[in-house]
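Worksheet: one structure, shown below.
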Number of protein chains: 2
Amino acid sequence: MEDTATPVSPQEQIASPRRAPSQQRSRERVERMLAAASALIAEQGSDAMRMGEVAERAGVSIGSLYQFFPDKRAIVWALAERYTTESQACISAALAGVGDAEGLGQAFSELVDIYYRLFLAEPVMRDIWSGTQADKALRQLELADSRANAEFLAAVLKRLRPAADPVALETTAFLVWQMGEAAMRLAISVERQEGDRLVAAYKRMALRELLDG
Amino acid sequence: MEDTATPVSPQEQIASPRRAPSQQRSRERVERMLAAASALIAEQGSDAMRMGEVAERAGVSIGSLYQFFPDKRAIVWALAERYTTESQACISAALAGVGDAEGLGQAFSELVDIYYRLFLAEPVMRDIWSGTQADKALRQLELADSRANAEFLAAVLKRLRPAADPVALETTAFLVWQMGEAAMRLAISVERQEGDRLVAAYKRMALRELLDG
DNA sequence: TACAAACATGAGTAACCCTCATATTTGCAA
DNA sequence: TTGCAAATATGAGGGTTACTCATGTTTGTA
């Protein structure tokens, strides 16, 4: 996966590059800007990230920064979008091959573990998804991402339980997924040991919901 | 150049009045400030709320505002604290009298409904708890509140299932409660109809976890 | 009545996001 | 190669906002 372009984004004033970099030179510079932002977020959080600092660390002027990102949130949004794109492929692959209840249990359990480990290890991801409630564009992105992932899950459920009401299955899948994200956010904001317990409890709860109907 | 003698508050830099109003006059003024802030949050959200506007609407100077609140977040925090104090009493009362599984199901179901209606009706509450992820002090308050409420729930569970592992029950209660708050936030950010479905699904899921172990 | 502590004020400060006029570089057609 | 428009680069400065502080006023009380 390269290129990515990220030309425009859905509806309204969702953050998007003000101008897509078309030359090699500027594409590299945009990469440097994103890398600088990522590093700063890891160090101090996106709230404390200063645009001037991003520019300085990327070795560009403040004006260049705004040439490609309409505002501060757009940078965070761009980073978030990369995470969702990557993880969706991973999730889709993990769930696509599921054929029976046991397989679902296995795959889901592994996904939860992977996500938890990712949240623990990636300060940038953690920071970005923490700000999800406050920022409208981020919230939209997270909702869309969650919906997409929940649909993968719902597809499996429909396969396993063809007699069940499809809408109910979709609701369950969406809820279970969102609860998972909430559980992760909770788990990483408490002591490690309690976090582990909470994730384990979530997993049990979710699996029961998914498997026993 | 930092505040030397701030009265301080529980651990860390949790927001608190810089100086407690001791005179009748100032107590009234603080009330007016909070009322003004509440109205502005309801109108435009706490992010768009301007300190100057709060002062103007409360009929006080900007300096007076900062006499009692160390910063902007402290005002939001003070409002949030009122909500938690009020609701904790309500929740405690609802759960205290529960004697059997059926009673728990009844009480919990009612609590969920009340909370959902509250979230739908109260823009201030909605706004404040939305910002919970971004603001550290608010997050602490919400966590503490959630822990307290979860303890009421855990106490009931321990009464109903004295043989079960207490720590597991506490974990379950805390998780279920946090999932509930997440479900509410989710529900109010989608179409009303889908929100209703999600809340209903959460209720089913939570009740199963609470009642069936 | 005196006086210290509490309270009130608002012009001023600092920090930050973002703009824009201007300069430079690139791609490409003639 | 040369000319030129589009793309890219720059950073001083505009505008907004949270917050401070020196100064003045009110209140409780000895």
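Below, chains carry the letters A, B, ... as their sequence lines are ordered, and counting in each starts from 1.
- The side chain of Gln67(A) approaches dT10(D) more closely than any other nucleotide in the set dA18(D), dT10(D), dA8(C).
- For Leu65(A) and dT19(C), the CG to P distance is 12 Å, given to the nearest whole Å.
- The aromatic rings of Trp177(B) and Phe108(B) lie perpendicular to each other, with more than 60° between the two planes, well past the 30° mark.
- Taking the side chain of Ile62(B) as heavy atoms from C-beta on, and the options dA11(C), dA9(D), dA8(C), the nearest nucleotide is dA11(C).
- When rounded to the nearest whole Å, the span between CZ of Arg29(B) and P of dT9(C) equals 4 Å.
- Of the listed nucleotides (dA8(C), dC18(C), dT8(D)), dC18(C) has the atom at the smallest distance from the side chain of Met51(A).
- Residue Arg25(A) contributes atom CZ, which lies 13 Å from atom P of dT24(C) at whole-angstrom precision.
- In terms of heavy atoms, Leu95(B) sits closest to Ala107(B) at CD2-CB, 4.2 Å.
- The Tyr66(B) side chain lies nearest to dA18(D) when the options are dA8(C), dA9(D), dA18(D).
- For the pair Arg19(B) (side chain) and Phe68(B) (backbone), a donor-acceptor distance under 3.5 Å is absent.
- Across the protein-nucleic acid pair, Asp71(B) atom CG and dC19(D) atom C1' stand 9 Å apart, rounded to whole Å.
- Between dA18(D), dA8(C), dC18(C), one nucleotide has an atom nearer to the side chain of Lys72(B) than all others, and that is dA18(D).
- Using a 4.0 Å heavy-atom criterion, one finds that Ser64(A) contacts the bases of the nucleic acid, with or without backbone contacts as well.
- Nearer the 5' end of DNA chain D, as judged by each residue's closest nucleotide, is the contact made by Gly52(B), out of Gly52(B) and Gln24(B).
- Checked against dA9(D), dA6(C), dA8(C), the side chain of Arg19(B) finds its nearest nucleotide in dA6(C).
- Checking dA9(D), dT9(C), dA6(C) against every side-chain atom of Gln23(B), the shortest atom distance belongs to dA6(C).
- For the pair Glu56(A) CD and dC17(C) P, the interatomic distance rounds to 13 Å; values are reported in whole Å.
- Inter-residue side-chain proximity for Leu65(A) and Ile62(A) is flagged as met; some heavy-atom pair is nearer than 4.5 Å.
- Regarding contacts with the backbone of dA9(D), every side-chain N or O of Ser61(A) stays at 4.0 angstrom or more from both OP1 and OP2.
- Taking every side-chain heavy atom of Arg50(A) into account, dC17(C) is the closest of dT10(D), dA6(C), dC17(C).
- Salt bridge Arg147(B)/Glu194(A): present, at least one basic N to carboxylate O contact under 4.0 Å.
- The side chain of Ser22(B) contributes an N or O atom lying less than 4.0 Å from OP1 or OP2 of dC7(C).
- Whole-Å rounding puts the Arg27(A) CZ to dA7(D) P distance at 14 Å.
- Summarising the geometry, the separation between CG on Asp47(A) and C1' on dA18(D) is reported as 14 Å, rounded to the nearest angstrom.
- Between Met49(B) atom CE and dC19(D) atom C1' there is a gap of 13 Å when expressed in whole angstrom units.
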